[in-house]
Amino acid sequence: MKIDQTYNPTEVEAQWYDFWLKNGYFRADETSEKEPYTIVIPPPNVTGSLHMGHALFVTLQDLLIRWKRMDGFEALWLPGTDHAGIATQVMVERELAKEGTDRHELGREEFLKRVWAWKDEHGGTIIDQMKHMGASCDWERERFTLDEGLSKAVREAFVRLYEDGLIYRGERMVDWDVIGQTVLSDLEVDREEEMGKLWYLKYPLADGSGHIVVGTTRPETMFGDTAVAVHPDDPRYKDMIGKMIRLPLVDREIPIIADTVLPDPTKGSGAVKITPSHDPNDFECGIRHNLARIQVIDFHAKINENAPAEFVGLDRFDARKLVVQRFEELGLLDRIEDKPFTPGRSQRTGAIVEPLPMLQWFVKGEPLAKPAIEAVESGRTEIIPAVWKKTYDHFMYNIRDWCISRQLWWGHQIPAWYCDDCDHITVNRQDPTHCEGCKSANIRRDEDVLDTWFSSALWPFSTLGWPEKTVELDKFYPTQVLETGFDILFFWVARMMMMGTYFMDDVPFDKVFLHAMVRDAEGQKMSKTKGNVIDPLHMIYGAQSEDLDAELHAELLRQYPEGVDAQGADALRFTLAMYAAQGRDIKLEVKRIEGYRAFLNKLWNAARFGLMNLEGFEAPSYKTFTDVWTTEDSSKPFVPADLSIADQWILTRLNQTITEIQTELEEFRFNEVAQSLYRFVWNDLCDWYIELIKPALYDDTPEGAATRKAAQSTLLFTLESVLRLMHPITPFITEDIWQALPRAEDAPKSIMIAAFPHARPELEMTAAHDQMALLLDIISSIRAIRGETNVKPGVVIDEVFFVTEDVNKRAAIESGAAYIQRQAKSSTLTIISAADAAKLEGVATAMVQGIEIRIPLKGLINIEEELARLNKEISRVEADIAFVSRKLSNEKFVAKAPEEIIAKERAKIQAYENEHNALLASLAELKTLEASG
RNA sequence: GGGCGCAUAGCUCAGCGGGAGAGCGACGGCCUUACAAGCCGUUGGUCACAGGUUCAAAUCCUGUUGCGCCCACCA
């Protein structure tokens, strides 16, 4: 049982995933008696590949699942992928374009075959990559939003919502993606402010009595104007209401109408051109006044034949220029103002969307939102961090109907049939053969598919077999936690809440944990154009410079021209957990991943040290040793004999760490979990405990056998326990080491099915812990004197004196002398009285927990240095005294502060004064010594 | 236009009523038989600014400034 001399993450991580998989440890049993703990994965795009955002959610969700699995729950992490309508379709279309064809030439059926082929070829990539992260998903339950079962769920949901009047088809103003050739929902349109212009155009009155000026940001839409609206109370235009305008360029007459809703006398010229076909406001205004709708921009953003000949076929922005030019030529351009505005852009294609009135399918927002709001309000579902609740509420209270139809082929085709002979629409669970209204066989199915997010909204129950009443659904719904990024709070989380409460009559999850966004070290979003992408797989397996893309990874190459070393999935996971403080951007630095790999190397070496010193050590039976974690039963306490105070100290620290981690996990404070582990492993276990027990371990005499065995037991127990605590974050290295540790026959086969530690009262050995803590303080203090007075590390200090009247402390020093001697490189330790201390000449002094430490110099210590050190100490203590006495002399403080605070301050000042006196005495002696040469 | 968040050590961030913490960096010293991917020590901060509440404020309240994000039919 040995492990390699150096920690090689790639080697360590190679074998264990298959081992876990083969043993079926990831499988969740729906018939189990155990309490369920379910997380559904946020399904990544099926054609995507792993990025840092995925790496973060895999880390956090796997952490939760592995923890709960070890903790005795029936843990289900349900994986799957999303068909990602537009994204996937666009990729295949791009491929077709290279072949010089397109989907229309291919036809719907052939095209879909191509997409499925693409999916089959590339769809496994991201799943495979998640496995490299260590994801312990129940792969046997992997789902795909377009698979048979989920398609059935989508169909059922659509039909039911339609039957219940919550889905309707209607003509509404929608945002059209002129590149993607589909409508988009509000959420898929991004708005970013840019500088634009506001053109003031003169529209001549038909009777020749003058003109009216309208302001517009979109002059090219004027071909579709069907009115100009003014406010009835606007004195400037009162007399013009009812008059006709002769619309320039198109030579058509349109009325000036009075409208109280739209025109704002303080904005623009106060008169608004009305283009019902190309502006949402104008659309509404058109309905109010029964205005005609003339579409002048087509679906490819070109001017159509409703405009004068010279404009037909022009791109809308070219047309804009020409319109302005013609107006200027006609002397009808009043003026131009600069004006910032925010055009809507398609999130996917970047195209400036064109608002158009179209017949589309919608889901009603309000009735579905109500119970979802209620669920969060009542605390049934808790959103963490709580700040997001406001955002959720704001969205839900202002929810708008959701446009769910898309003019794509890749997706769930809408189950609606239109009749050519009557206007009946058939919506059915089964494909109909004829019209439900007139029985005609001339029916056509709606060509459109559903928004991808419609199927995602059903994910927490569709993946468990809904609409069938399955055992899985019964066991695992509602899920316990939804863990995802806040960027899809509206797209996904809110909609799952709505659909879950509607179809399942219960929320889809108890808790929603929203994590931060992973960005680069400067806080910039990772993107190809910025060249700041950090690929998780490069971090895990390393990347030679030639593996890196000059464009994509420009920043990384700048930092690491030679490429990066393999850091391992464990180091990446530990780093991401460490970064996962609530409600913040994650500014990922490669250096930090390297730092945590060093931490894992530290753990590795601690284990190696353990193994080297456990040779021949027989592990006690699992049932009586490490198995203490499986039970709260105190009849099975952990009681190795002959524990040293160092042993008791580390066990107490371990127990304290377990307590901390328990709370931190429960409260999703993953960064603190990682921090507690880091501190315990590095500072407590490695820096102190291992050093403290070396003499005991190296002692193979018969007299030392008992303490040696106690140290071995404690070391093994501590290592074994901390591996379990770390396993949810760093599964590979912990398994690898754990498998190498001595174990009894009856131990479990894998750490991942071992029990997660809970704090145990019998490990809280306070007296020994405090005694050891005192010794550690003393050691640190002597080391500090050595360091600051330039005593060479190799030099042994002959004599160290301790002054204290406290019997307990005297006993502690006496019994712990060996620790001090070794750790602080000192030989003779003597406890003396204050009177004898006064006789010492030329000593360095320090104060620890009321104990004076005095080290005679005798050429050992540099006097200059010691004087400097003393003076620094003295001014520090004087500042402390001043601070506390100021507080204590404040009458109000003494009158109003709680008793224990005051008592604490009194004790403090006492201690400071003692220290001060000792230091002053030492200073005086030192000066005498210096004077005498 | 409305809403939310953030300003703490050179850097990245914890802390969120009782005397400012970590990691990295910097500086000094060590190849001490687990680890130089290491060990020992040191340094480093008007906790953005201005008021207020309190015996006590980095922490609570108000305002200011600077960044960031979200929502909004934005002539």
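It should be emphasised that the depicted structure is a prediction, and the values quoted were computed from it without experimental measurement. When reading the values below, keep in mind they use all heavy atoms of this one structure, side chains included, and skip hydrogens, waters and symmetry mates.
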**Request:** Please check the phosphate of rG23(B) (OP1 and OP2 only) for any side-chain N or O of Arg679(A) closer than 4.0 Å.
**Result:** no

**Asked** Going by heavy atoms in the side chains, are Ile902(A) and Phe893(A) under 4.5 Å from each other?
**Response** yes

**pair Leu741(A)-Leu723(A): side-chain heavy atoms closer than 4.5 Å** = yes

**Asked** Roughly how far apart, to the nearest Å, are rA7(B) and rA48(B) at atom P?
**Response** 8 Å

**Fill in**
For rG68(B), the nucleotide meeting Watson-Crick or G-U wobble distances (both under 3.5 Å) is rC4(B)

**Prompt:** Quick one: is the NZ or CZ of Arg495(A) closer than 6.0 Å to the six-membered ring centre of Phe490(A), and within 45° of its axis?
**Reply:** no

**Prompt:** For Arg608(A) and Pro263(A), take the nucleotide of RNA chain B holding the closest heavy atom to each; which residue's nucleotide lies nearer the 5' end?
**Reply:** Arg608(A)

**Asked** What nucleic acid atoms does Ala879(A) come within less than 4.0 Å of, heavy atoms only: base, sugar-phosphate, or nothing?
**Response** base

**Between Glu664(A) and Ser676(A): side-chain donor-acceptor atoms closer than 3.5 Å** = yes

**Message:** Can you confirm whether Asp225(A) sits close enough to Met222(A) that some side-chain heavy atom of one is under 4.5 Å from a side-chain heavy atom of the other?
**Reply:** yes

**Nearest-Å distance for atom pair CE/C1', residues Met517(A) and rC13(B)** = 19 Å

**Message:** Distance check needed: rG21(B) C1' versus Glu660(A) CD, whole Å only.
**Reply:** 14 Å

**Prompt:** Looking only at side-chain N and O atoms, does Tyr698(A) come under 4.0 Å of OP1 or OP2 in rA34(B)?
**Reply:** yes

**Fill in**
rC30(B) -> Watson-Crick or G-U wobble partner, both distances under 3.5 Å, gives rG38(B)

**Item:** Side chain of Asn671(A) - closest among rA14(B), rA37(B), rA34(B)
**Value:** rA14(B)

**Asked** Within the structure shown, what part of the strands sits under 4.0 Å from Arg218(A) by heavy-atom distance: base, sugar-phosphate, or nothing?
**Response** nothing

**Request:** Check whether any side-chain nitrogen or oxygen of Lys694(A) sits under 4.0 Å from OP1 or OP2 of rA34(B), and answer yes or no.
**Result:** yes

**Gap in Å between the two P atoms, one belonging to rC27(B) and one to rA20(B), rounded** = 28 Å

Mind listing the N/O atom pairs, protein and nucleotides 54-56 of chain B, below 3.5 Å?
unit_1, atom_1, unit_2, atom_2, d
rC55(B), OP1, Lys896(A), NZ, 2.4
rC55(B), O4', Lys892(A), O, 3.4
rC55(B), O2', Asn890(A), ND2, 3.3

**Asked** So what does Ala521(A) hit on the nucleic acid, given a heavy-atom distance under 4.0 Å: a base, only sugar-phosphate, or nothing?
**Response** nothing

**Prompt:** Rounding to the closest angstrom, what is the interatomic distance between rG25(B) and rC61(B) at atom P?
**Reply:** 37 Å

**Request:** Evaluate the side chain to side chain contact (heavy atoms under 4.5 Å, CB included) criterion for residues Tyr689(A) and Phe680(A): first the C-alpha distance (whole Å), next the side-chain angles of each, then the deciding distance (0.1 Å), finally the verdict.
**Result:** CA-CA 10 Å; Tyr689(A) 182 66; Phe680(A) 179 75; over 6 Å; no

**Request:** Between rC70(B), rA37(B), rA34(B), spot the one nearest the side chain of Tyr7(A), thanks.
**Result:** rA37(B)

**Message:** With a 3.5 Å limit on both atom pairs, tell me what rA58(B) is paired to, counting Watson-Crick and G-U wobble, or say none.
**Reply:** none

**Message:** Are the side chains of Leu262(A) and Ile274(A) in contact, using a 4.5 Å heavy-atom criterion?
**Reply:** yes

**Asked** Counting any heavy atom closer than 4.0 Å, what does Val884(A) reach on the DNA or RNA strands: base, sugar-phosphate only, or nothing?
**Response** base

**Message:** Any strand counts, and the cut-off is 3.5 Å on both contacts for Watson-Crick or G-U wobble. Which nucleotide pairs with rG44(B)?
**Reply:** none

**Request:** Please work out if Asp264(A) contacts a base, only the sugar-phosphate, or nothing of the nucleic acid, heavy-atom cut-off 4.0 Å.
**Result:** base

**Ile297(A) CD1 to Trp176(A) CH2 distance, which is reported to the nearest 0.5 Å** = 14.0 Å

**Asked** Under 4.0 angstrom, heavy atoms only, what part of the nucleic acid is Arg400(A) near: base, sugar-phosphate, or nothing?
**Response** sugar-phosphate

**Asked** Where the side chain of Thr391(A) is defined as all heavy atoms beyond and including C-beta, which of rG29(B), rA34(B), rC70(B) is the nearest nucleotide?
**Response** rC70(B)

**Request:** Return the nucleotide paired to rA20(B): Watson-Crick means purine N1 to pyrimidine N3 with N6-O4 or O6-N4, wobble means G-U with N1-O2 and O6-N3, both under 3.5 Å.
**Result:** none

**Message:** Need the pair for rC49(B). Rule: Watson-Crick or G-U wobble, both distances under 3.5 Å, any strand; none if unpaired.
**Reply:** rG63(B)

**Asked** Any side-chain N or O of Trp682(A) less than 4.0 Å from the OP1 or OP2 oxygen of rA34(B)?
**Response** no

**Message:** By nearest atom, which of the nucleotides rU12(B), rG18(B), rG38(B) is closest to the Ile901(A) side chain?
**Reply:** rG18(B)

**Side chain of Lys587(A) - closest among rC30(B), rU12(B), rA14(B)** = rU12(B)

**Request:** Rounded to the nearest angstrom, tell me the gap between atom CD in Glu594(A) and atom C1' in rA37(B).
**Result:** 9 Å

**Asked** Is there a side-chain contact between Asp338(A) and Met195(A) (heavy atoms, below 4.5 Å)?
**Response** yes

**Request:** Whole angstrom is fine here: how far is it from CZ in Phe599(A) over to P in rC39(B)?
**Result:** 12 Å

**Prompt:** Given the P atoms of rC13(B) and rA56(B), what is the spacing between them in whole Å?
**Reply:** 34 Å

**Separation between the C1' atoms of rG45(B) and rA58(B), rounded to whole Å** = 11 Å

**Prompt:** Any side-chain N or O of Lys872(A) less than 4.0 Å from the OP1 or OP2 oxygen of rU43(B)?
**Reply:** yes

**Message:** What is the distance, to the nearest angstrom, from the CD atom on Glu691(A) to the C1' atom on rC35(B)?
**Reply:** 10 Å

**Message:** Between Thr391(A) and Leu489(A), is the side chain to side chain contact (heavy atoms under 4.5 Å, CB included) condition met? List the steps.
**Reply:** CA-CA 9 Å; Thr391(A) 311; Leu489(A) 178 59; 4.2 Å; yes

**Message:** When you compare the side chain of Gln675(A) with that of Glu660(A), does any pair of heavy atoms fall below 4.5 Å?
**Reply:** no

**Asked** Distance between the P atoms of rA9(B) and rU46(B), in whole angstroms?
**Response** 9 Å

**Prompt:** Taking for each residue the nucleotide of RNA chain B bearing the nearest heavy atom, is the 5' side occupied by Asn605(A) or by Arg783(A)?
**Reply:** Asn605(A)

**Request:** Rounded off to whole Å, could you give me the CZ-to-C1' distance for the Arg786(A) and rC30(B) pair?
**Result:** 11 Å

**Message:** Check this one for me: any side-chain N or O of Lys602(A) less than 4.0 Å away from OP1 or OP2 of rC39(B)?
**Reply:** yes

**Message:** Rounding to an integer number of Å, can you tell me how far Leu697(A) CG sits from rU32(B) C1'?
**Reply:** 16 Å

**Asked** If the C1' atom of rU42(B) is compared with that of rG68(B), how far apart are they to the nearest Å?
**Response** 37 Å

**Request:** Kindly point out which of rC24(B), rA14(B), rG38(B) is positioned nearest to the side chain of Lys591(A)?
**Result:** rC24(B)

**Euclidean distance, atom CD1 of residue Ile399(A) to atom P of rC71(B) [Å, nearest integer]** = 13 Å

**Request:** Name the nucleic acid region contacted by Asn398(A), choosing base, sugar-phosphate or nothing; use a 4.0 angstrom heavy-atom cut-off, strictly under.
**Result:** nothing

**Request:** For rU42(B), decide between syn and anti, treating a glycosidic angle within 90° of 0 as syn.
**Result:** anti

**Request:** Looking only at side-chain atoms of Pro793(A), point me to the closest of rC35(B), rG38(B), rC30(B).
**Result:** rC30(B)

**Request:** Sticking with atom P, work out how far rC60(B) lies from rU8(B), rounded to a whole angstrom.
**Result:** 15 Å

**Request:** Would you please indicate yes or no on a ring centroid separation below 6.0 angstrom for Trp402(A) and Phe362(A)?
**Result:** no

